[in-house]
2 protein chains.
Amino acid sequence: MSDSQRFPVAAHALAYLAHKDAVAPDAAVSSAELAASMPTNPVVVRRVTAMLAKAGLIATRPGANGGAWLIKPADQIGLDVVLRAVNGCAHLGMPPPGAQGCPVGERIPEAVRSAITAADQAAAERLSRITVADLLKAA
Amino acid sequence: MSDSQRFPVAAHALAYLAHKDAVAPDAAVSSAELAASMPTNPVVVRRVTAMLAKAGLIATRPGANGGAWLIKPADQIGLDVVLRAVNGCAHLGMPPPGAQGCPVGERIPEAVRSAITAADQAAAERLSRITVADLLKAA
DNA sequence: AAAACTGCATCCACTGCTGTTACGAATCCC
DNA sequence: GGGATTCGTAACAGCAGTGGATGCAGTTTT
């Protein structure tokens, strides 16, 4: 996967929602306002918020005064969940090459793949210890 | 950065060299042979082996019976060093967006960036506990 | 001298992401 | 009800990074 800005955008958006106490439909924040704080394009924000909504982290509402709000406490949203919501997975160069007839060559990719998944899990475990609320505390 | 196969290719190549006991110039393995075990293109392999050579993990020699060989024991090559040699760094979506006038918006990217670097370091730490020799043991 | 091999440059094709515009659908305000 | 607002999604162009292929200069063995 290419260099993606989606995870930073998602984390920023969630932190912004937490900062604005957007925890109910009548406090929804529009994609335009979120985009202005990055800064980036409202469409990019909506692409990310749609994924976060499908992951059950936020809810969105169309129409006037619409937008997004948190449906989970900010201190209960780990960044590993955010990463999985927008990216599927971390990546160090995911697909190892497939080997061929060579007996050793066939098993090396398997070992490489397990090393990569171990590293991905370590990154996810580290991210799970950081919550959206922590992003504001650190500021 | 896009989905890169460089790290898997590098790990596979180093494991293959270790398996063949290629630890001296007269045991050099050609890029064609390494490529055949992936399988991939010899040029792709040479692009990677050139980086590994600059990182001091292997040496290469041109000419007939040339190729690459290890210049460090396989059990002393951590995969974190390999990743840094070919990729520069792990990546979860490296550059957070820059903020603007908003006082909170300005500091969120900083917090996001520190979270990303923490995750990268966790992944590197995990990789450092796996050596090229371990890739063969696991097979 | 001939053959083999690395390293590098160049070219092309492909993929994924961002940014933008546009449109339909849903929702609120008057 | 009518109009304005906003989301979700699609379509498009532009850009960057990568893999694959070919060619060439330089080095080393035979």
Side-chain angles (χ1 to χ4, degrees), chain A residues 1-10 12-13 17 22 24-36 38-55 58-69 86-98, chain B residues 1-10 12-13 17 22 24-36 38-55 58-69 86-98:
Chain A
M1 167 184 321
S2 309
D3 250 358
S4 181
Q5 306 280 103
R6 290 205 303 262
F7 174 67
V9 168
H12 189 116
L17 291 178
D26 56 2
V29 177
S30 73
S31 65
E33 179 174 348
L34 287 171
M38 307 282 182
T40 186
N41 195 285
V43 176
V44 175
V45 171
R46 279 186 299 227
R47 285 204 268 245
V48 169
T49 53
M51 295 191 225
L52 296 176
K54 283 174 185 166
I58 64 174
T60 59
R61 192 185 53 168
N65 289 329
W69 65 94
V86 300
N87 206 10
C89 197
H91 47 306
L92 301 168
M94 286 186 43
Chain B
M1 158 188 327
S2 307
D3 249 359
S4 181
Q5 307 279 101
R6 291 205 301 265
F7 173 66
V9 168
H12 189 117
L17 291 178
D26 55 5
V29 177
S30 73
S31 64
E33 180 174 347
L34 287 171
M38 305 284 181
T40 187
N41 195 287
V43 176
V44 174
V45 171
R46 273 179 296 198
R47 283 203 270 245
V48 169
T49 53
M51 296 190 225
L52 295 176
K54 282 173 186 167
I58 63 173
T60 59
R61 191 184 54 166
N65 290 329
W69 65 93
V86 299
N87 206 10
C89 198
H91 47 308
L92 301 169
M94 288 185 44

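Proteins get letters first, then strands, A, B, ... in listed order; numbering begins at 1 in each. Here the structure is a predicted model, which means the values were calculated and not measured. Note that these values count all heavy atoms, side chains included, but never hydrogens, waters or copies made by symmetry.
- Between dT30(D) and N65(B), a contact under 4.0 Å exists linking OP1 or OP2 to a side-chain N or O.
- L34(A) places its CG atom 12 Å from the P atom of dT6(D), with the value rounded to the nearest Å.
- Taking only side-chain nitrogens and oxygens, R6(B) never comes nearer than 4.0 Å to OP1 or OP2 of dG17(D).
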Give me, pair by pair, the N or O atoms of the protein and of nucleotides 20-23 of chain C that are less than 3.5 Å apart, along with how far apart they are.
from, atom 1, to, atom 2, distance (Å)
dT20(C), OP2, N41(A), ND2, 2.6

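- To the nearest 0.5 Å, the span separating CG on L34(B) from CG on L17(B) amounts to 5.5 Å.
- An OP1 or OP2 oxygen of dT6(C) is reached within less than 4.0 angstrom by a side-chain nitrogen or oxygen of S31(B).
- Residue contacts for G66(B): at a heavy-atom cut-off of 4.0 Å it reaches the sugar-phosphate backbone alone, with no base atom in range.
- For the side-chain contact (heavy atoms from CB on, under 4.5 Å) with T49(A), the qualifying choice from R47(A), R46(A), M51(A) is R46(A), the only one to do so.
- Look at S30(B) and you won't find any side-chain N or O under 4.0 angstrom from OP1 or OP2 of dA4(C).
- Contact annotation: R61(A) side-chain N/O to dT5(D) OP1/OP2 distance is not under 4.0 Å.
- Distance W69(B) CH2 to dT6(C) P: 11 Å, rounded to the nearest Å.
- Although no hydrogens or angles enter the test, the distance criterion places a donor-acceptor pair under 3.5 Å between the side chain of R61(B) and the main chain of P25(B).
- Between the CD atom of Q5(A) and the P atom of dG17(D) there is a distance of 12 Å, given to the nearest Å.
- OP1 or OP2 of dG8(D) lies within a sub-4.0 Å distance of a side-chain N or O belonging to T49(A).
- Residue-to-nucleotide proximity on DNA chain C shows that, of G63(A) and G67(B), the 5′-proximal contact is made by G67(B).
- If you take NZ of K54(B) and P of dG7(C), they are 9 Å apart, rounded to a whole angstrom.
- Nearest heavy atoms, T60(B) versus W69(B): C-CZ3, 3.8 Å.
- Summarising the geometry, the separation between CE on M51(B) and C1' on dT18(D) is reported as 11 Å, rounded to the nearest angstrom.
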